[in-house]
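Presented below is the structure to which this report refers.
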Amino acid sequence: MTVVDPETQAGWVPEADEDDDEEMPLSLRLSIADTLTLGNATCGFMAVYFTTTGILIPHLQGSQETGMARHSAATAVILMLCAAVFDLFDGLVARKLRSSPMGAELDNLSDLISFGLAPAYFVLVYGMVADDAHQRVAAVGAIVVLLAVVLRLARFSCVTVKDGTFQGMPSPFGALTVVSIVLLELPFVATLLAIIGTAWLMVSRVEYPKPRGRLAVAMLSWIVLSMGLLAAWAFDAPSGQLLLQTGCALQLVMGAVIPLFATARRVNNFRDNRREARAAQVP
């Protein structure tokens, strides 16, 4: 709009707002770490897709093809493992390179899909297709897993813990433990109790070390090994079932041993502090 100056009768046009020529705000730019985080979310969504199309729908249609269900289950779990790889590397990349202001929010939303929705849905479908399972009870277990991840991620955003540790079982580790419990094909009651126990560990105050340095390499190696075991099982390799059960059992052992070590360390630290306090009181 042209404005006329009453004194000079000359027209002038207001200067363009400087903000109109600015580049995209920093809050809308994606970093390399954000791209990896989006890969995490994509893997989680595709895990739900393969669980639905390869396991649930054939079951509802009365299909007796067990090979396709086995392949789809293995694919869904491998995708969750890939999501864990993306989650591992997006943190490492964010620390080494620039991270965007929305990186933390993207990470939480992606983790909710891959390590909350995907494993909970896996448990739900298990309750619908397994011979000895109870669908409604399994649905309760699935909701418990989902809510545990939601609460854990919300607490992670609000609570500050000491550097190098997580408070409660990390959601990727918890998701893989839940899936391992299902793949072990234990009796339904034992499966449900183990799943609820894992959900409790995710919202507990047990300290878990963050995967850095050698621990990150060990975690990545374990994921690659798990993918190999799942592939062997999916393609009906010799002793594939035994290898899968061994890998799943090791995952459960890891999930149980780490809290025990953490609890023992806290007890020892408490005892040491009491001894030092008593020694300081002695004249």
Side-chain angles (χ1 to χ4, degrees), residues 37 40-41 43-45 47-48 51 73 76-88 90-91 107-127 138-159 161 165-184 186 190-211 215-216 218-220 222-223 225-227 230 247-263:
T37 303
N40 172 7
C43 288
F45 174 78
V48 173
T51 303
V77 180
I78 287 174
L79 284 166
M80 292 185 214
L81 289 167
C82 290
V85 173
F86 279 118
D87 185 63
L88 174 64
D90 69 359
D107 189 61
N108 277 348
L109 292 172
S110 298
D111 286 353
L112 179 59
I113 296 172
S114 299
F115 311 125
L117 176 62
Y121 187 70
F122 199 82
V123 172
L124 179 66
V125 173
Y126 154 74
V140 173
I143 292 172
V144 170
V145 171
L146 180 63
L147 293 181
V149 176
V150 170
L151 291 173
R152 170 174 171 71
L153 294 175
R155 186 180 65 182
F156 179 78
S157 301
C158 302
V159 177
V161 298
T165 62
F166 289 114
Q167 190 178 79
M169 179 183 286
S171 52
F173 193 88
L176 298 180
T177 303
V178 167
V179 170
S180 297
I181 294 169
V182 174
L183 292 178
L184 273 176
L186 300 171
T191 298
L192 185 66
L193 291 176
I195 288 173
I196 293 176
T198 303
W200 176 81
L201 284 174
M202 282 193 279
V203 296
S204 69
R205 296 187 178 183
V206 177
E207 293 181 352
Y208 284 76
K210 289 186 177 180
L215 186 58
M219 180 179 176
L220 183 60
W222 170 252
I223 290 174
L225 176 61
S226 298
M227 288 181 179
L230 284 165
C248 292
L250 287 175
Q251 177 71 26
L252 265 67
V253 170
M254 290 171 57
V257 167
I258 292 177
L260 291 177
F261 274 113
T263 303

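Of the inter-residue distances, the one linking Met227 atom CE with Ile78 atom CD1 reads 6.5 Å to the nearest 0.5 angstrom. Atom CG of Leu112 is separated from atom CG of Leu153 by 6.0 Å, given to the nearest 0.5 angstrom. The distance from the CD atom of Gln251 to the CH2 atom of Trp222 is 6.0 Å, given to the nearest 0.5 Å. Going from atom OG of Ser180 over to atom CG of Leu250 covers 9.5 Å, rounded to the nearest 0.5 Å. Ile181 contributes atom CD1, which lies 6.5 Å from atom OG1 of Thr177 (distance to the nearest 0.5 angstrom). We find the OG-CG distance between Ser226 and Leu183 to be 10.5 Å, quoted to the nearest 0.5 Å.
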Verdict with supporting geometry, Val178 and Val123, side-chain contact (heavy atoms from CB on, under 4.5 Å): CA-CA 8 Å; Val178 167; Val123 172; 3.5 Å; yes
Decide side-chain contact (heavy atoms from CB on, under 4.5 Å) for Asp87 and Phe115; before the verdict, give the C-alpha distance in whole Å, the side-chain angles of both, and the deciding distance to 0.1 Å. CA-CA 10 Å; Asp87 185 63; Phe115 311 125; 4.1 Å; yes
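With contacts defined as side-chain heavy-atom distances shorter than 4.5 Å, the pair Thr37/Leu109 does not qualify. Two residues are said to be in side-chain contact when any heavy atoms from C-beta on lie closer than 4.5 Å; Asp111 and Val149 fail this criterion.
In this structure Val253 satisfies the side-chain contact (heavy atoms from CB on, under 4.5 Å) test together with Val257, sequence neighbours excluded. In this structure Ile143 satisfies the side-chain contact (heavy atoms from CB on, under 4.5 Å) test together with Leu147, sequence neighbours excluded. Under the rule for a side-chain contact (heavy atoms from CB on, under 4.5 Å), the partners of Thr51 that lie at least two apart in sequence or sit in another chain are Ile55, Ala76, Tyr121, Phe122, Val125. Remark: Ser114 pairs with Asn40, Ala83 by the side-chain contact (heavy atoms from CB on, under 4.5 Å) rule, at least two apart or across chains.
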Scan the side chains in residues 191-206 for donor-acceptor partners under 3.5 Å anywhere in the protein, sequence neighbours excluded, and list what turns up.
unit_1, atom_1, unit_2, atom_2, d
Thr191, OG1, Leu186, O, 3.3
Thr191, OG1, Pro187, O, 3.0
Thr198, OG1, Ala194, O, 2.9
Ser204, OG, Leu201, O, 2.7
Ser204, OG, Val206, N, 3.4

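Under a 3.5 Å cut-off, the side chain of Arg152 and the backbone N or O of Met169 do form a donor-acceptor pair.
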